[in-house]
Student: 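Pasting a structure here, questions to come.
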Amino acid sequence: MAAHRRSAHRKPKQRPLTGSAARTAATLALAGAATAGSVTGAGAAPAEPAPTATQVRAKVDRLYHDAEVATEKYNGAKEEAATATRAVDALADEAARRTARLNTARHALGSLATAQYRSGTLDPAVQLALSSDPDAYLQRASYLDRAGDRQDGLLRGIRRQVSQITRVKARADQETERLAARRAELREHRTAIRTKLADARKLLDTLTADERAAYDRAADARHGGGPSHADRSAGRAPVAAPNSRAAQAIAFAHGAIGKPYVWGATGPNSFDCSGLTQAAWKAAGVSLPRTTYTQINAGARIPRSQLAPGDLVFFYSGISHVGLYIGGGQMIHAPRPGAPVRIAPVDEMPFAGATRVA
């Protein structure tokens, strides 16, 4: 009986499917899997297509341009920070000098007060009545009056010094706040420049070797040729200039051909665009401001039709790029990261204006 009950509870043995039954089961399993897959992926967004080489090149060019705009803002903030630093230092020196004078006046007043205390403070009429030598007393009284006048003068001087020191310290506080703001701008623009250049490098890394070579050739063509062109031009004699200063600036720029572009650099081993023009004219004895948007106001504005060697030529609506005109529709400029100082046509970028420095 026990054996019978155990056999009654056993599961019936499954037989393997064969023939049409097996095919039907497989079909149902595949259909179920497909349905489950479609339900699972229903909420997933389709992957964005990778940018084409043309799109990458356009984005890289835009990033380089934006980095140059940020570079000029960085240069301006750096110049303002340097000015604010000099102002803070000068005010600190002035406050120290005035404080020293104040301390001297206080010491003199203290010495005078001590002397008066030691001489006593009897009423002048009593001192005259008790004096055995009235003439000597009157002479001493006159001295005391002069001493009193001197004391009043010292007090007025001390009050004036305290007031002036207060004003100097207030100005120093304002300049210190201004300096802190400029330093914050420097950090902001530095971060923007580094971010944009890093993004440009990442995009360029997505190109194949052939695509990258094509981009470099196109960029070189837009900016006046590759390094070999720069090398060939390095020994070229300066072109005729309207005056000796312009000739000196052009000679310096020719000597810089082939040196690398580095944002924020003013030479002698590397330059950014406004750093090059500033250094070139400095070699000619002319002090230019640091940025493109201030250099454009450093001389007389001239139309493009009247360009002469030595003129500064500016590009883009935001005045974010500058070169040194050398005649024949050509300029010397520092183009962008990866492109050294070189000769290039003036019409390679959107022309924004020109300035004659001297």
Side-chain angles (χ1 to χ4, degrees), residues 41 44-75 188-234 236 253 256-265 269-277 292 313-324 326 328-352:
E48 292 186 5
T52 65
T54 300
Q55 291 171 328
V56 167
R57 289 195 295 268
K59 287 181 180 179
V60 169
D61 286 343
R62 186 166 59 251
L63 285 168
Y64 278 146
H65 174 70
D66 291 346
E68 188 167 44
V69 172
T71 295
E72 291 306 309
K73 291 180 180 178
Y74 170 87
N75 292 337
E188 177 184 346
H189 296 317
R190 185 187 298 116
T191 299
I193 294 165
R194 290 173 174 171
T195 299
K196 292 179 187 301
L197 293 180
D199 289 345
R201 286 191 293 270
K202 288 178 183 177
L203 281 170
L204 288 173
D205 287 343
T206 66
L207 298 177
T208 66
D210 289 343
E211 289 170 340
R212 177 63 184 269
Y215 172 80
D216 290 338
R217 286 194 299 271
D220 284 340
R222 288 194 303 275
H223 294 94
S228 59
H229 173 83
D231 294 339
R232 287 196 303 272
S233 302
R236 178 177 167 183
I257 290 175
K259 293 184 177 181
Y261 176 102
V262 174
W263 63 269
N269 299 318
S270 58
F271 301 89
D272 63 19
C273 67
S274 57
L276 174 64
T277 50
T292 52
V313 282
F314 300 88
F315 304 92
Y316 300 106
S317 59
I319 318 298
S320 59
H321 192 77
V322 62
L324 185 70
I326 59 173
Q330 302 286 305
M331 66 177 173
I332 299 175
H333 73 145
R336 60 171 177 80
V341 176
R342 59 184 55 171
I343 295 173
V346 171
D347 59 4
E348 71 173 16
M349 291 175 289
F351 188 82

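FYI, the numbering just counts along the sequence from 1.
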Student: Return the minimal non-hydrogen interatomic distance between P340 and P335, and the atom names on each side.
Tutor: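 Shortest heavy-atom contact: O-CD, 3.2 Å.
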Student: Evaluate side chain to side chain contact (heavy atoms under 4.5 Å, CB included) for D272 paired with Y74, printing each intermediate quantity in order.
Tutor: CA-CA 12 Å; D272 63 19; Y74 170 87; over 6 Å; no
Student: Measure up the H65 and Y316 rings against each other and bin them: parallel (under 30°), tilted (30 to 60°), perpendicular (over 60°).
Tutor: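 Answer is tilted, since the angle falls between 30° and 60°.
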Student: More than 12 heavy atoms of other residues, nucleotides or ligands under 6.0 Å from NZ of K259: is that the case?
Tutor: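 Above 12, so yes.
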Student: Strictly distance-based, threshold 3.5 Å: is any side-chain N or O of T292 a donor or acceptor partner for the main-chain N or O of S274?
Tutor: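 Not confirmed, T292 side chain does not pair with S274 backbone.
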Student: Working to the nearest 0.5 Å, report the span between CD of E72 and NE2 of H321.
Tutor: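 Output value for this atom pair is 9.0 Å.
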Student: What are the two closest heavy atoms between A192 and A70, and how far apart are they?
Tutor: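 Of all heavy-atom pairs spanning A192 and A70, the closest is CB-CB, 4.3 Å.
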Student: Does any non-hydrogen side-chain atom of L276 lie less than 4.5 Å from one of L324?
Tutor: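 SC-SC contact between L324 and L276 ruled out.
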Student: What heavy-atom pair brings G264 and T71 nearest, and what distance separates the two atoms?
Tutor: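 Shortest heavy-atom contact: N-CG2, 3.8 Å.
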Student: Any chance you could measure R190, atom CZ, to T195, atom OG1, to the nearest 0.5 Å?
Tutor: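 That separation rounds to 12.0 Å.
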Student: Give every donor-acceptor pair under 3.5 Å between a side-chain atom in residues 196-212 and any protein atom, sequence neighbours left out.
Tutor:
from, atom 1, to, atom 2, distance (Å)
T206, OG1, L203, O, 2.5
T208, OG1, E211, N, 3.1
T208, OG1, E211, OE1, 3.4
E211, OE1, T208, N, 2.9

Student: What is the ring orientation for F351 with F315, classed by angle as parallel under 30°, tilted 30 to 60°, or perpendicular over 60°?
Tutor: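 Plane angle over 60°, so perpendicular.
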Student: By side-chain contact (heavy atoms from CB on, under 4.5 Å), which residues pair with S317, not counting sequence neighbours?
Tutor: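 Per chain and number, S317 pairs via side-chain contact (heavy atoms from CB on, under 4.5 Å) with no residue.
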Student: So which atom in E68 and which in A334 form the shortest heavy-atom distance, rounded to 0.1 Å?
Tutor: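 Closest heavy-atom pair between E68 and A334: OE2-O, 4.4 Å.
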Student: State the CD1-NE2 distance between I326 and H333, to the nearest 0.5 angstrom.
Tutor: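 So the CD1 of I326 and the NE2 of H333 are separated by 10.5 Å.
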Student: Could you measure the distance from the NZ atom of K73 to the CD1 atom of I193? Nearest 0.5 Å is fine.
Tutor: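 Going from the NZ atom of K73 to the CD1 atom of I193 covers 10.5 Å.
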Student: Give me the atom names and distance for the closest heavy-atom approach of Y261 to R336.
Tutor: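 Reported closest heavy-atom pair: CB-O, 3.1 Å.
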Student: Between Q330 and I343, which heavy-atom pair has the shortest distance, and what is it?
Tutor: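 Residues Q330 and I343, closest heavy atoms: OE1-CG2, 3.2 Å.
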Student: Is the shortest heavy-atom distance from the side chain of P337 to the side chain of W263 under 4.5 Å?
Tutor: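 Side chain of P337 against side chain of W263, heavy atoms only: no contact under 4.5 Å found.
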